[in-house]
Amino acid sequence: TNKYYINIVILFKTLSQDEVKANLIIQLKNTNSSISLDLVDSNKTKMNGKDVSIAMYELDNKSLELLKKNQLKSIFF
C-alpha cells in the first residue's frame, strides 16, 4: 500500500522555537469540509542557520481524495 505524508516547516522569527504537538487542520475552498491529519513526528532543528520546527502528518486515502478534488483555503496546526 502507498502511504502519503504532508511535511511542514515552521520558521520562528520572533517567537521561541517550539515543537509542533497538534493535528494539522486543512480547510477546503467551496466546501464545508475540513481535514484533520494526525501528527506522525515533530522535531526542532536548524535550517540555514535559523531555528525551525519540522512536522510530518500521514495523509489517509479519504483526505487524499478530498485534496485532489478541492483547493486549499487555509491550514492550521
Side-chain angles (χ1 to χ4, degrees):
T1 63
N2 293 332
K3 288 192 176 187
Y4 295 94
Y5 296 91
I6 292 180
N7 183 58
I8 62 170
V9 178
I10 303 130
L11 171 64
F12 293 88
K13 293 178 94 174
T14 57
L15 299 173
S16 298
Q17 183 184 26
D18 197 10
E19 272 190 47
V20 178
K21 299 174 185 164
N23 286 0
L24 183 71
I25 307 297
I26 302 172
Q27 289 184 328
L28 304 171
K29 280 188 179 179
N30 302 323
T31 179
N32 291 329
S33 298
S34 64
I35 298 168
S36 178
L37 301 178
D38 293 331
L39 180 65
V40 175
D41 194 18
S42 175
N43 291 300
K44 295 188 288 186
T45 189
K46 284 198 179 282
M47 189 178 291
N48 296 329
K50 307 283 185 179
D51 290 333
V52 298
S53 290
I54 300 171
M56 184 171 58
Y57 299 88
E58 187 169 357
L59 189 59
D60 57 69
N61 289 333
K62 181 181 175 187
S63 299
L64 180 61
E65 291 305 314
L66 282 170
L67 286 171
K68 285 180 182 180
K69 294 176 185 175
N70 299 283
Q71 292 181 345
L72 299 180
K73 180 177 180 181
S74 56
I75 298 175
F76 302 93
F77 52 90

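Side-chain contact between I10 and V20: present, with at least one pair of heavy atoms (C-beta onward) separated by less than 4.5 Å. The closest side-chain heavy-atom distance from K46 to D51 is below 4.5 Å. Annotation: side chain of L39 is not in contact with side chain of L24 (no heavy-atom distance under 4.5 Å).
Note that CG of L66 and OG1 of T31 are 7.5 Å apart. Values are rounded to the nearest 0.5 Å. Here the straight-line distance linking atom CG of L28 with atom NZ of K69 works out to 11.5 Å at 0.5 Å rounding. We find the CG-OG distance between N23 and S36 to be 4.0 Å, quoted to the nearest 0.5 Å. To the nearest 0.5 Å, the span separating CG on D41 from CG on N43 amounts to 4.5 Å.
Contact record, Y57 with A22: OH-O, 3.1 Å, taken as the closest heavy-atom pair. K29 and N70 make their closest contact through O-OD1, 4.0 Å (heavy atoms, listed as atom of the first residue, atom of the second, distance). Nearest heavy atom pair, residue M47 against residue I54, reads CE-CD1, 4.1 Å. The shortest non-hydrogen separation linking E58 to Y5 is CA-CD2, 3.7 Å.
Salt-bridge annotation for K68 and E65: present, with a side-chain N of the basic residue lying under 4.0 Å from a carboxylate O of the acidic one.
For NZ of K73, the number of neighbouring non-hydrogen atoms (other residues, nucleotides, ligands) closer than 6.0 Å is 12 at most. In N30, the CG atom is not crowded: 12 or fewer heavy atoms of neighbouring residues, nucleotides or ligands sit closer than 6.0 Å.
Note on V9 and V40: separate hydrophobic clusters, where clusters join Ile, Leu, Val, Met, Phe, Trp and Tyr whose side-chain heavy atoms are under 4.5 Å apart, directly or indirectly. In terms of hydrophobic clustering, with Ile, Leu, Val, Met, Phe, Trp and Tyr side chains grouped at heavy-atom distances under 4.5 Å, I6 and I35 are assigned to a common cluster. Hydrophobic clustering places I75 together with L64 (ILVMFWY residues linked when any side-chain heavy atoms are closer than 4.5 Å, directly or through intermediates).
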**OP:** Evaluate side-chain contact (heavy atoms from CB on, under 4.5 Å) for L37 paired with S63, printing each intermediate quantity in order.
**Re:** CA-CA 8 Å; L37 301 178; S63 299; 3.8 Å; yes

**OP:** Starting from the C-alpha separation in whole Å, work towards a yes-or-no answer on side-chain contact (heavy atoms from CB on, under 4.5 Å) for I26 and L67.
**Re:** CA-CA 9 Å; I26 302 172; L67 286 171; 4.2 Å; yes

Subject >> Step-by-step side-chain contact (heavy atoms from CB on, under 4.5 Å) determination, D60 to D38 >> reply: CA-CA 10 Å; D60 57 69; D38 293 331; over 6 Å; no

Original post:
Please walk me through it: do V52 and F12 pass side-chain contact (heavy atoms from CB on, under 4.5 Å)?
Top reply: CA-CA 6 Å; V52 298; F12 293 88; 5.6 Å; no

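Looking only at atom types and distance, the side chain of S74 has a donor-acceptor partner in the side chain of Q27 under 3.5 Å away.
With N48 contributing its side chain and K50 its backbone, the two residues share no donor-acceptor pair below 3.5 Å.
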